[in-house]
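Each chain gets a letter, A, B and so on, in the order the sequences are listed, and its residues count up from 1.
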Amino acid sequence: MYQQLAWQITVALTVVLGLVFAFIALNAGKWTEYAPLQMRAYRLRTGFFWTLVLLLTPVLVYSMSELPYDAAHRHPGNKPQVIDAVGYQWYWILSSNEVTVGRPVEFHVTSGDINHGFGIYDQDMRLVGQTQAMPDYVNKLQLVFRKEGTYKVLCMEYCGIAHHNMLAEIRAVAPTPVPSEDNK
Amino acid sequence: MSVLTHTSPRAGATAGVLAYLVSAGAILLLMMVFGLAMRLEQAQIISIGANRFYELMTLHGIGMVGVAALGGAAIMWHFLRQYVQLSPALFIANLVLFLLGVVLILVGVLWGKFAGAWTFLYPMPGHSMGVWDNDAAALFMVGLLLIGTGFLLLYLDVARALIGEYGSLAHALGWPQLFLGKGKYGPPPTVVASTMVLIVNTIGIVSGASILLMMLINLYFPRFTIDPLLAKNLIYFFGHVFINATIYMAVIAVYEILPRYTQRPWPSNRVFLAAFTASTVLVIFIYPHHLLMDFAMPRWMLIMGQVISYLNGLPVLVVTMYGALTIIYRSGIKWDMASGLLLLSMFGWAAGVIPAIVDGTIVINHVMHNTLWVPGHFHTYLLLGMIAMVFGFMYYLANGSRHVRAGMLDRLSFWAFAAAGMGFTFAFLYGGLSSVPRRYAVHLPEWLAYDRIASVFAAVVIAAALVFVVRFASRLRTARGGAT
């Protein structure tokens, strides 16, 4: 979702910017007295500045309402499955390769040698979340796997000549049904 | 003290400036070819192998930063010497140290097989898994140190000259006008921009040198270790500040040349001064946006990274881009290659700011960091912004610092550069939309289409750049002599 949003915003604003530049370039050849034009442009600039501020401020505030660093707090009462993930040149060691759909998973990500990036891709090869894997530090990444299937872990930080081969897989399985009292 | 940007006599460039630009042009073309080779490898059109790919990636990254620095420094020095007395000897010393550094880096990469990327993230240079040895990594890092030393000397000379002329860096930034209301206008935009650059880049270079020295010690004395997160902070601080400084040096071409074409002043009024004071602070404190996926970082720094990413776009859009459009609108300007490329550069810089701000948003960075979105945004403001400024400056000099109607080949090259440049950068951005990781020598079959389209665009960009550089190189005598 965020990828699509990023693309649409970028394309739309680039087109608007291109149209503004084309308008100015097409009207550049004519001549007008500068002083009054400059005064008008300065007044418009004040409006342009405040428009940007008014547009960006709510986006800035809203976008910080669900930071990935705080993911653990979004599922109170639902104890996450913890998986230790350690990156090495050029492989991952995961304490478990299986997760449950719908249950939060907390990856404790670190590195045994140099910097790596722990990126999780869904079945459509869409990046669903990432954090850096660093020596001496543990980054806690919490995700909820929404669909059954095989997810891939790719390295997102250049780590040497087999960086692109640094792969692991995680299988997301349906939750085991809890037996009801009647079936006991 | 000057009131407005004055249109100085149309002097030609010094031999030093031309040497900078010729070096920058030659290295640029070579690095562009390396970049094309990388895209062709990813597209599976050629086969150079992963080792060679990552060596070229290392050279392309560091080489392009060097090209930007050379081009930006040439522009700054050329125009700044109208206002202050700069040392030609130190200007040349910087180029000599730069070229010496380039030789060491080339030897380290092509002979020593060092492929640690321009980011040389600690402790990778010492952990090559047998691909390169410590000496190759050391050659690369000593080469960088030499280049940094040269630029530090240049900035110290700029500081000396500015303080000598204006009394202090605060005066050169126009603080008496901005904060004390002493007069309506500050020093010329070139002086203000140069002051901002020397402040931020001196800090940046010293930070870069400190981590390089620590890493060199670690290479040969591994018991001397460095905190990896501290190392990453220092590297990205240095890298971000250094590459940003190149744009703020190059934009001086816009501040100086467009007023001459339009016969309209670019005043360093309070809004302009406030923008540059803001940029001085923002460029220093923005770098944590490179570390948004380092969850171990202090939370306030990561939030600051996003907030400043948003703020940092405002001076660029509201002052420089808007100022350029204002000065051009209904000015009766006669377009030529120089003015056209400078207008394009304003578009490229502003267009690059958009995906950059988008990527600086933490929740978006979570799913786009280190994908092709990142080279997508920085290629937009570097290729279509910063490098277009350098090309515009080259044409300005090659035309004898005056308007010269562009020939058919130049006009064709301009439109090819603009269109293919957009296509090239949007292929990267589309790759980011599709979650393609950056810095991968081998791509999945479903990603090849973007790589192949990007390769075509890259080839067209190189052809256009070749025309620009050859045109400049063939008119060095005119560039040296200036307008008659």
Q.
Donor-acceptor check, side chain of A:Arg126 to backbone of B:Leu433, threshold 3.5 angstrom: yes or no?
A. yes
Q. At a heavy-atom separation under 4.5 Å, does A:Leu141 approach chain B through its side chain, its backbone, both, or neither?
A. both
Only distances under 3.5 Å count here; give the side-chain donor-acceptor pairs of residues 44-61 of chain A to other protein atoms, sequence neighbours excluded, each with its distance to 0.1 Å.
from    : atom 1 : to      : atom 2 : distance (Å)
A:Thr46 : OG1    : A:Tyr42 : O      : 3.2
A:Thr51 : OG1    : A:Gly47 : O      : 2.6
A:Thr57 : OG1    : A:Val53 : O      : 2.6

(Q) To the closest 0.5 Å, what do you measure between CH2 (B:Trp118) and OH (A:Tyr158)? (A) 14.5 Å
(Q) If you define the side chain from C-beta out and look only at heavy atoms, does anything of B:Arg299 sit under 4.5 Å from A:Tyr69? (A) yes
Q. Once you round to the nearest 0.5 Å, how far does CG of B:Leu121 lie from CG of A:Asn115?
A. 5.0 Å
(Q) So B:Asp227 and A:Tyr137, do their side chains get closer than 4.5 Å, heavy atoms only? (A) yes
Q: Would you indicate whether the side-chain heavy atoms of B:Tyr54 and A:His164 approach each other to under 4.5 Å?
A: yes
Q.
Going by side chain to side chain contact (heavy atoms under 4.5 Å, CB included), name the residues that satisfy it together with A:Asp136, two or more places apart in sequence or in a different chain.
A. B:Pro228
(Q) Measuring from atom CG of A:Leu17 to atom CE of B:Met321, what distance do you get when rounded to the nearest 0.5 angstrom? (A) 6.0 Å
Q: Output yes when a side-chain donor or acceptor of A:Tyr121 lies under 3.5 Å from a complementary backbone atom of B:Ser435, and no otherwise.
A: yes
**Q.** chain B-proximal positions within residues 128-135 of chain A [heavy-atom distance under 4.5 Å]
**A.** A:Val128, A:Gly129, A:Gln130, A:Thr131, A:Gln132, A:Met134, A:Pro135
(Q) Under 4.5 Å from any heavy atom of chain B, what part of A:Met125 do you find: side chain, backbone, both or neither? (A) both
(Q) Using side-chain heavy atoms (C-beta onward) and a distance below 4.5 Å, is B:Ser434 in contact with A:Gln3? (A) no
Q) Does the separation of the ring centres of A:His163 and B:Tyr440 fall below 6.0 angstrom? A) yes
(Q) Which residues in residues 87-96 of chain A have any heavy atom closer than 4.5 Å to a heavy atom of chain B? (A) A:Gln89, A:Trp90
Q. Quick check: does any side chain N or O of B:Tyr322 sit under 3.5 Å from a backbone N or O of A:Ala41, one acting as donor and the other as acceptor?
A. yes
Q: Please check if the side chain of A:Asn139 supplies one atom and the backbone of B:Ala296 the other of a donor-acceptor pair under 3.5 Å.
A: yes
Q. How far apart are the C-alpha atoms of A:Glu157 and B:Arg439, what are their side-chain angles, what is the distance that settles it, and do they pass the side-chain contact (heavy atoms from CB on, under 4.5 Å) test?
A. CA-CA 8 Å; A:Glu157 189 64 75; B:Arg439 296 183 174 134; 4.0 Å; yes
Q.
Please check this pair: side chain of A:Asn27 against backbone of B:Tyr329, looking for a donor-acceptor N/O pair closer than 3.5 Å.
A. no
Q: Go through A:Leu37, A:Val20, A:Ile9 and name the one with the most non-hydrogen pairs under 4.5 angstrom from chain B.
A: A:Leu37
